[in-house]
Amino acid sequence: MIPPLSTLQHVFENEENSIKYLVENNVFKPPSVCEKCNYDNFSQHRKNWRCCRKNCRKEVSITQKTFFKNTKLKINEILRLSYYWLVGVKTLGLINISSHSSQTITNYCHYFRQIVGDSLDFEDIIIGGENVIVEIDESKFGKRKYNRGHDVNGAWVLGGVERTPERKLFLLEVPDRTAETLINIIKTHVKPHSIIITGCFKSYSTLHNFFRHLTVNHSIEYVDSTTGAHTNTIEGTWGAIKYRISPRNRTSSVQDDGSVSMDGINEFLAEFQWRRKNAHNLWSGFINALQIVMYDFILE
């Protein structure tokens, strides 16, 4: 869900309107104190915050420590791009709408995914609870060569989804599917006293030591005839995720030294989790991300 474009058109009309909108929505906030005189009162002067102390008047950029610091695009252009990105316009459509280069659009889509991913709290990917059913599964995200043969340059992802109206979930790339790796992640991201349903993969065999654990043998049936256990929710989630992530972006985020970066599939998984969390209003969620995430990367 997102507000109609007509309700935000005035914000995108020019940079002055965009700055006013972001000030009103606490994205652009004055410093707590002046670094020159330690005074705590500021006024806005064009694109700067100006210290109100008469003998000081030091100014600092209104965009300091925000997503918009050092950008080469106008603020209203960035907001307009973010709106179309939120509603699902693809790269080619964004190029046509904005007249910017393919590289610029690709960069900004990456920046948008980065900021929404950085806005997620750890609690956002803790799911389940007493008697809440959580479906768990792993899926291979791979790029097929010529649409046939074995998967190459892919990533294994472990996912868990609540059977609740919110369908809260966690999604993590995993380096392997050993019992130690999968069980430790599940124990971290699923609350105690949850009811977990999985397939019969052997790495899940000790889950009963930590949770009430039901299984369904997919080689025989899709719904366990005795317990009614199934994993249809997580299976549907895999389909939705793979629909959003093109094959060329299904690459591992694990580096040669074992560290994990946001590049590769992780940034797309984070985006999907963020969109699920903010499904009621993606625009408000994006403005909230702009409010709480502060860093100083340079935008092209």
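Remember, it's a predicted structure, so these values are computed and weren't measured experimentally.
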| field | ring-ring contact (aromatic ring centres under 6.0 Å, His included) involving Tyr243 - partner list, sequence neighbours excluded | value | none
| Side chains of Lys187 and Phe211 in contact at under 4.5 Å (non-hydrogen atoms) | yes
| remark: Pro4 meets the side-chain contact (heavy atoms from CB on, under 4.5 Å) criterion, sequence neighbours left out, with Ser6, Thr7
| Hey, mind stepping through Leu79 and Leu22 against side-chain contact (heavy atoms from CB on, under 4.5 Å) and telling me if it holds? | CA-CA 10 Å; Leu79 287 181; Leu22 294 176; 4.2 Å; yes
| remark: For residues 120-132, the salt bridge (charged side-chain N to carboxylate O under 4.0 Å, His left out) pairs (sequence neighbours left out) are Asp124-Lys277
| task | Examine the side chains of Tyr108 and Thr71 and answer whether a donor and an acceptor come within less than 3.5 Å of each other. | result | yes
| task | With Arg275 as the cation and Trp85 as the aromatic partner, state whether NZ or CZ is under 6.0 Å from the six-membered ring centre and within 45° of the axis. | result | yes
| remark: Heavy atoms of Phe170 and Ile125 approach each other most closely as CB-O, 3.6 Å
| field | Side-chain ion pair, Lys74 and Glu15, N-O less than 4.0 Å | value | no
| query | Looking just at side-chain N and O atoms, do Asn107 and Gln103 make a donor-acceptor pair shorter than 3.5 Å? | reply | yes
| query | With sequence neighbours left out, what residues match His213 under side chain to side chain donor-acceptor pair (under 3.5 Å)? | reply | Thr198
| Above 12 or not: heavy atoms from other molecules or residues under 6.0 Å from NE2 of His208? | yes
| query | What residues form a ring-ring contact (aromatic ring centres under 6.0 Å, His included) with Phe272, not counting sequence neighbours? | reply | none
| Taking only residues two or more places apart in sequence, or in another chain, which ones meet Glu24 in a side chain to side chain donor-acceptor pair (under 3.5 Å)? | none
| query | Are any of the side-chain heavy atoms of Val216 and Cys200 separated by less than 4.5 Å? | reply | no
| query | Is the closest side-chain donor-acceptor distance between Lys72 and Thr104 under 3.5 Å? | reply | no
| If you draw a 6.0 Å radius around CD in Glu221, do more than 12 non-hydrogen atoms from other residues or ligands fall strictly inside? | yes
| Among all residues two or more places apart in sequence or in another chain, which pass the side chain to side chain donor-acceptor pair (under 3.5 Å) test with Thr237? | none
| So which residues get pulled into Leu214's cluster when ILVMFWY side chains under 4.5 Å apart are joined, directly or through others? | Ile133, Ile195, Ile197
| message | Less than 4.0 angstrom from a charged side-chain N to a carboxylate O is my criterion; do Glu59 and Arg50 meet it? | response | yes
| said: Quick one: does any side-chain atom of Ser61 pair with a main-chain N or O of Thr63 as donor and acceptor, under 3.5 Å? | reply: yes
| Just wondering, are more than 12 heavy atoms of other shown residues or ligands nearer than 6.0 Å to CZ in Arg212? | no
| query | At their closest point, which heavy atom of Pro175 faces which heavy atom of Thr181, and how far apart are they? | reply | CD-CG2, 4.2 Å
| message | Under the rule for ring-ring contact (aromatic ring centres under 6.0 Å, His included), what residues qualify as partners of Phe286, not counting sequence neighbours? | response | Phe112
| query | Heavy-atom distance under 4.5 Å between the side chains of His230 and Arg163, does that happen here? | reply | yes
| request: Using a 4.5 Å cut-off on heavy atoms from C-beta on, say whether the side chain of Ile136 contacts that of Ile196. | output: yes
| Looking at side-chain heavy atoms only, is the closest gap between Leu5 and Phe12 below 4.5 Å? | yes
List the atom pairs, donor and acceptor, that lie under 3.5 Å between side-chain atoms in residues 25-42 and the rest of the protein, sequence neighbours left out.
from  : atom 1 : to     : atom 2 : distance (Å)
Asn25 : ND2    : Tyr21  : O      : 2.8
Lys29 : NZ     : Gln291 : O      : 3.2

| query | Between Gln44 and Arg46, is there a donor-acceptor pair closer than 3.5 Å when you use the side chain of the first and the backbone of the second? | reply | yes
| request: Answer whether the closest heavy-atom distance between the side chains of Leu182 and Phe201 falls below 4.5 Å. | output: yes
| query | Quick one: do Tyr111 and Ile97 end up in the same hydrophobic cluster if we chain Ile, Leu, Val, Met, Phe, Trp and Tyr together by side-chain heavy atoms under 4.5 Å apart? | reply | yes
| task | For Ser205 and Lys202, indicate whether the former's side chain and the latter's backbone hold a donor-acceptor pair under 3.5 Å. | result | yes
| request: State, to 0.1 Å, how close Leu86 and Leu282 come at their nearest heavy-atom pair, and which atoms those are. | output: O-CD1, 3.6 Å
| message | One pair to check against side-chain contact (heavy atoms from CB on, under 4.5 Å): Trp283 and Asn278. What are the steps and the verdict? | response | CA-CA 9 Å; Trp283 181 254; Asn278 293 280; over 6 Å; no
| request: Please tell me if the side chains of Phe268 and Arg244 come closer than 4.5 Å, counting only heavy atoms from C-beta onward. | output: no
| query | Sequence neighbours excluded, which residues qualify as ring-ring contact (aromatic ring centres under 6.0 Å, His included) partners of Trp238? | reply | Phe141
| query | Does Ser194 use its side chain to pair, donor to acceptor, with the backbone of Lys191 at less than 3.5 Å? | reply | yes
| field | Ile127 side chain near His189 side chain, heavy-atom distance below 4.5 Å | value | no
| Under the side chain to side chain donor-acceptor pair (under 3.5 Å) test, residues paired with Thr206 that sit two or more places apart | none
| Quick check: does any side chain N or O of Thr188 sit under 3.5 Å from a backbone N or O of Asn184, one acting as donor and the other as acceptor? | yes
| query | So, Asn17 side chain and His10 main chain: donor-acceptor pair closer than 3.5 Å or not? | reply | yes
| task | Check the surroundings of atom OH in Tyr222: do more than 12 heavy atoms from other residues, nucleotides or ligands lie under 6.0 Å from it? | result | no
| field | Salt bridge flag under 4.0 Å for residues Glu162 and Arg167 | value | no
| message | Whether the Glu135 and Thr231 side chains hold a donor-acceptor pair (N or O, under 3.5 Å, no angle test) is what I'd like checked. | response | no
| Is a side-chain N or O of Lys168 found less than 3.5 angstrom from the main chain of Val161, in a donor-acceptor match? | no
